[in-house]
Amino acid sequence: MTQVLRINGVEREFPGEALPETLSDLLNALEICHATVVAEIDGRIVERKDFVATRLTAGQAIELVRFVGGG
Amino acid sequence: MTPVFFELKNSVVGVAGLGGLGSNVAIALARLGLGRLIVADFDVVDTSNLNRQQYYVDQVGMPKVEALVANLRRINPNIEIAGHQVRLTPENVPEIFAGADVIAECFDRSEQKQMLVETVLLRMSAPIVSVSGLAGYGRSNDIVTRRLSSRHVLVGDGVTAARPGVPLTAPRVGVAAHHQANAILEIMLDNGRKRVNRSWQ
């Protein structure tokens with residue numbers, strides 16, 4: 001069965017058992033550094049310290065705002 | 001007093017970080033006739049800052065807070081300024097920026113940007129205007145202002161990090177800083193319209 005997450009407004013399919021278990025796993029799969037991203041799941045901010053403990057379920061809407069250096 | 005001037009005179013803006021972004025944003029806000037500014041930075045002015053930040057050669061070695069407050073007062077002596085020479089943390093951000101109608105994220109390092117945006121969105125009620133992606137030169141029109149939610153506006157091209165060979169330059173940092181100041185102005189004037197509408201109800 002294919003499961004779906006909506007990431008920054010775009011649906012992303014994960015076939016079979018491939019849905020990342022946690023928000024941290026998703027960021028690793030996307031090669032996004034944890035320290036530079038503000039994450040929101042279904043409209044709620046997830047603190048960076050909770051990325052590893054935050055489990056994902058199919059159908060969630062995830063917003064990831066990435067910051068690059070310079071100012 | 002025109003309604004716009006009145007609204008700005010009664011607005012409070014917090015500026016976190018007084019480098020290329022923060023020093024330019026604060027000066028734009030001072031020229032607008034803002035009522036009160038809360039500015040915070042731990043650093044001192046370095047010669048390497050002078051290529052894009054609003055300081056002068058004779059201010060090298062001064063705390064940025066002290067130098068910028070002096071420069072802002074020369075532009076607009078009527079502005080109320082609270083300066084904090086401190087390293088911002090999740091613990092002190094809500095206290096330092098208490099009462100701000102809008103907060104400008106003007107840090108250099110991406111981890112600091114993340115920390116401030118997360119802290120403001122979680123622990124405060126004011127909106128935040130942050131920046132990601134302003135290094136290099138050219139491509140002015142790749143720098144955009146996007147409203148991500150009712151409380152978060154993001155400026156920048158989203159990708160161009162400062163790194164060896166891709167320096168921070170006065171023009172492109174200035175483009176981003178003024179996007180930021182312009183977004184803050186828009187938020188302040190929108191707040192004003194909401195207040196007017198409420199008083200009519």
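The chains referred to below are lettered A, B, ... by the order of the sequence lines, with proteins before strands, and numbering in each begins at 1. As the structure is a computational prediction, the values presented were derived from the model and not from experiment.
Rounded to the nearest 0.5 Å, atoms CD (A:Glu40) and OG (B:Ser149) are 6.0 Å apart. For the atom pair NZ (B:Lys113) and OG1 (A:Thr36), the distance works out to 11.5 Å, reported to the nearest 0.5 Å. Distance check, rounded to the nearest 0.5 Å: OG1 of B:Thr119 to CD of A:Glu47 gives 8.0 Å. Residue B:Leu154 holds its CG atom at 12.5 Å from CZ of A:Arg66, rounded to the nearest 0.5 Å.
Residues A:Val68 and B:Ser132 meet the side-chain proximity criterion, which asks for heavy atoms closer than 4.5 Å.
Heavy-atom distances place the backbone of A:Val46, and not its side chain, under 4.5 Å from chain B. Residue contact with chain A, scored on non-hydrogen atoms closer than 4.5 Å, is absent for B:Arg163. Contact annotation for B:Arg151: neither backbone nor side-chain heavy atoms come within less than 4.5 Å of a heavy atom of chain A. Contacts between A:Val37 and chain B at a heavy-atom distance below 4.5 Å involve the backbone alone (N, CA, C, O).
Summarising the local packing, CZ of B:Arg73 is surrounded by more than 12 heavy atoms from other residues, nucleotides or ligands at distances under 6.0 Å. By the 6.0 Å contact criterion, CZ on B:Arg139 is enclosed, its count of non-hydrogen atoms from other residues, nucleotides or ligands being greater than 12.
Interface check for chain A: of the options B:Leu134, B:Leu148, B:Thr160, the most heavy-atom pairs under 4.5 Å are formed by B:Leu134. If you tally non-hydrogen atom pairs under 4.5 Å between each of B:Val173, B:Val166, B:Val159 and chain A, the highest count goes to B:Val159.
In terms of heavy atoms, A:Gly69 sits closest to B:Ser110 at N-CB, 3.9 Å. Smallest separation of non-hydrogen atoms from A:Phe67 and B:Val131: CD2-O, 3.8 Å. Residues A:Gly70 and B:Ala162 share a closest heavy-atom pair of CA-CB, 4.2 Å.
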